[in-house]
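Reading through the structure tokens given below for one structure.
Since this is a predicted model, take the numbers as computed values, not measurements. We name chains A, B, ... by the order of the sequence lines, and we start the count at 1 in each one. Below, all heavy atoms of this structure are taken into account, side chains as well, without hydrogens, waters or symmetry copies.
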Amino acid sequence: MTTMRYWQALNRALDAEMAEDDAVLLLGEDVGLYGGTYRVSEGLLAKYGEWRVRDTPISENSFTGLGVGAAMLGLRPVVEIMTINFALLAMDAIVNMAAKIPFMSGGQFPMPLTVRMPGGVARQLGAQHSQRLEAMFLGVPGLRIVVPATPQDAYWQLRQAIRSDDPILVLEHELLYFTEGEVDENLPAPPLHQAICRRAGTDLTCISYSRMVSVAEAAAEQLAKDGIAMEIIDLRSLNPVDWDRCMHSVEKTHRALILAEDPRFGGVSGELTATLQERCFYWLDAPIGRLAGLDIPTPFNGALEAASIPRVADVVTAAKALLSPDKER
Amino acid sequence: MDRDTIRTMLRDMLRARAFEEAAAQAYAQGEIAGFLHLYPGEEAVAVGVLHAAEPGDYVVSTYREHVHALVRGIPAAAIFAELLGKKTGVSGGMGGSMHLFDRERRFLGGYAIVGETFPIALGAAYAVAYRQLPEAVLCFFGDGAVNQGTFHESLNMAALWRLPILFVCENNRYQIGTEIHRHSAVTEIYKRACGYGIPAEKVDGMDVLAVHEATRRALARVRAGEGPQFLEMETYRFRGHSMADPGSYRPTVEVQAYEANDPIAATLRGVEFHYPSADELGSGHDCIQGFCDHCCQEGHLDEAALARLRQEVADEIAAARDFARQSPAPSMDDAWAALLRNRRYDRLFEEQAP
Ligand SMILES: Cc1ncc(C[n+]2csc(CCOP(=O)(O)OP(=O)(O)O)c2C)c(N)n1
Ligand SMILES: [Mg+2]
């Protein structure tokens, strides 16, 4: 067990997989000499050389497509897209190529491609650099999506993604790279897509992922002072979703609050809410609550930016609102 | 070129440098957050190009666009206020450093996704040609941007339909930490334009007079209906890619060599008809200050005039910063208004009977 930062965990995961399998290679802007924008590939160029750690030009669609072609020949490329905002330029490679080839070849071609990228609202990066686009990839059958919230998950989920023969997106978060946590590199890792209970509780279940898990945790601390026990489920994966674990929790608490950073309309929270209410309707004591980002491009101004996504106080209020009909009764 | 133009250009170069250094200071003091991409070292490009353009021409720029905006005539105060996210900012505090827009001055924006300036300029030029207007569109981009697909797609269409665009490549030799020889198979960028039949030229981007002259000629060809033109400006950024980047991947000798060729000092040389000695050029110390001192000692420079100019510039930028600081922040209502503004006259739903 070692304490390390999220970026270090990713770095260790890459190193471990590259050491173990010479089919693993990295591609992306400034991943080599610079060591990655968030230091994720630091030291790897020196260790593995430029054929395995390739600095690319700013040509997202084609270098991601290169990853697709190389995967068809059995390499296991890890493509870093500097931020998810630039993945919009690689949509053709990700959506039309990577997600479709295994299927439309009748299963002849595996697609051991991993695409890593950070997203989310950070600190005043402006509307073009603050997007949460995970919902865009949700509607793409053939893609798997993981969203590690801790260094431990970053480490294991990246390793498992690299070993998988499916195309997998690893969605990181700009504000998580410098968070710290314990990483156990020997542990038998939980399955790649399994959800985890981060905090046990009996009054309601907050279902979240990525950075919003820490917002839920802070809110749960405050709620505990008011005698409210909020359970927190960290999804860890958006495709597939571990519905069983969510249902198991809601069956116990009878209330669910979905917490997501992306915009509410057409966002991840809508899909989660719809499916959960289908599956949990008869256990629920209140309609499923939903907290998500505002349906607005991210304003540059710092205060407005902060107000455009759920904050700890918003979660506390929403949790209390979910419980209040009960309390009044 | 007349001396007034030269002096105006010198003033703009000093304004540009002073503005960016004030922004760097504000960033260091925590007043500006987010990305901040600064322009010192590249001033001769923006100043030379924009002084050769007409006020009616359109400008499309990148995230490194403060100086383009400033030289285009957007008040320093409105730019500074935008960097601080204030309501009085040129984009109302919604855009920030990388997204300055000014409709009135035909400044079509700063774009932060590399390669976006090409299609935007293409569309603007299409609209100009469509209406058979005399304006040109100035499209700025870096050396790193020419490997984006939009570069090739847009150059092809611009040439195919003879659109009035001047492509201006600010080749500072780096795509963040990746040096040009490691990102491009052909490093003489102007040659790529030749592949689309677009007349292209390489220009010393550290020499504002050369930039001005090349731009003047290229724009004359655009206006004569000869279609898109392409200028590759060889330049250098003195600072890191952004304030978050120390730029430590660049050899010190390289940075010093370019600093010795400071475009502002070069402009001063033009005004004062004096050239620094090889020793001065090679010494690598701050050539603006060094050269000014030297000129004053030699009696080439009217010390009072230069001091006055510097003082005026310093006062202007300080006032801009004060204005920005004292300006109010926008509200969430302002943000929604920015989003919904275009819906003012639309009827979105059928009215319901009560
Ligand atoms: C599509 C896209 N990919 C990557 C980035 C990240 N990025 C921002 S600036 C930059 C380098 C651009 O270099 P260049 O075009 O030479 O312009 P310079 O910054 O040197 O002025 C990169 C890779 C981005 N903003 N957009
Ligand atoms: Mg560059």
Over 12 foreign heavy atoms within 6.0 Å of CZ, B/R325
yes

Applying a strict 4.5 Å limit to non-hydrogen atoms, the region of A/E305 in contact with chain B is neither

Of B/A145, B/G89, B/G144, B/S184, the largest count of non-hydrogen pairs under 4.5 angstrom with chain A goes to B/G144

Bottom line for B/S91: the part with an atom under 4.5 Å from chain A's heavy atoms is neither

Fill in: Over 12 foreign heavy atoms within 6.0 Å of CZ, B/R103
no

Cut-off 4.5 Å, heavy atoms of chain A, and the answer for B/L339 is side chain

(Q) Taking B/G177's backbone N and O only, do any of them form a donor-acceptor pair with A/D30's side chain (distance below 3.5 Å, no angle check)? (A) yes

For A/L304 and B/S331, the nearest pair of non-hydrogen atoms, with its separation, is CD1-O, 3.5 Å

Scanning both residues in full, the closest heavy-atom pair of B/I113 with A/Q128 reads N-OE1, 3.5 Å

Whatever's closer than 4.5 Å to a heavy atom in chain A on B/L83 counts as backbone

Cut-off 4.5 Å, heavy atoms of chain A, and the answer for B/L84 is backbone

Okay, B/D334 and chain A: the region with an atom under 4.5 Å from a heavy atom over there is neither

Under 4.5 Å to a heavy atom of chain B? For A/L88 that would be neither

Under 4.5 Å to a heavy atom of chain A? For B/Y111 that would be both

So do the side chains of A/F86 and B/V114 get within less than 4.5 Å of each other, counting heavy atoms only?
-> no

Under 4.5 Å to a heavy atom of chain B? For A/T298 that would be backbone

If one checks every heavy atom of B/M98 against chain A at 4.5 Å, the contacting part turns out to be side chain

Any side-chain heavy-atom pair of A/I58 and B/Q175 under 4.5 Å: yes

From the list B/H183, B/R182, B/E179, side chain to side chain contact (heavy atoms under 4.5 Å, CB included) with A/D55 holds only for B/R182

Heavy-atom closest pair (B/W336 atom, A/D295 atom, distance to 0.1 Å) is CZ3-O, 3.6 Å

Rounding to 0.5 Å, atoms CD1 (A/I296) and CE (B/M332) come to a distance of 5.0 Å

Using only atom types and a distance under 3.5 Å, with no angle test, would you say the side chain of B/N147 pairs donor to acceptor with the backbone of A/P57? no

Query - Distance flag, aromatic centroids of B/H99 and A/F300, threshold under 6.0 Å - result: no

Practice item. Quick one: sort the A/H129 and B/F35 rings into parallel, tilted or perpendicular, breaks at 30° and 60°. Key: perpendicular

Bottom line for A/T83: the part with an atom under 4.5 Å from chain B's heavy atoms is neither

**Q.** Over 12 foreign heavy atoms within 6.0 Å of CZ, A/F265
**A.** no

When every non-hydrogen atom of B/A329 is compared with those of A/N301, the smallest separation belongs to CB-ND2, 3.8 Å

Handout entry: B/I176 and A/M82: CA distance, side-chain angles, deciding distance, side chain to side chain contact (heavy atoms under 4.5 Å, CB included) verdict
Key = CA-CA 12 Å; B/I176 308 188; A/M82 200 180 270; 3.8 Å; yes

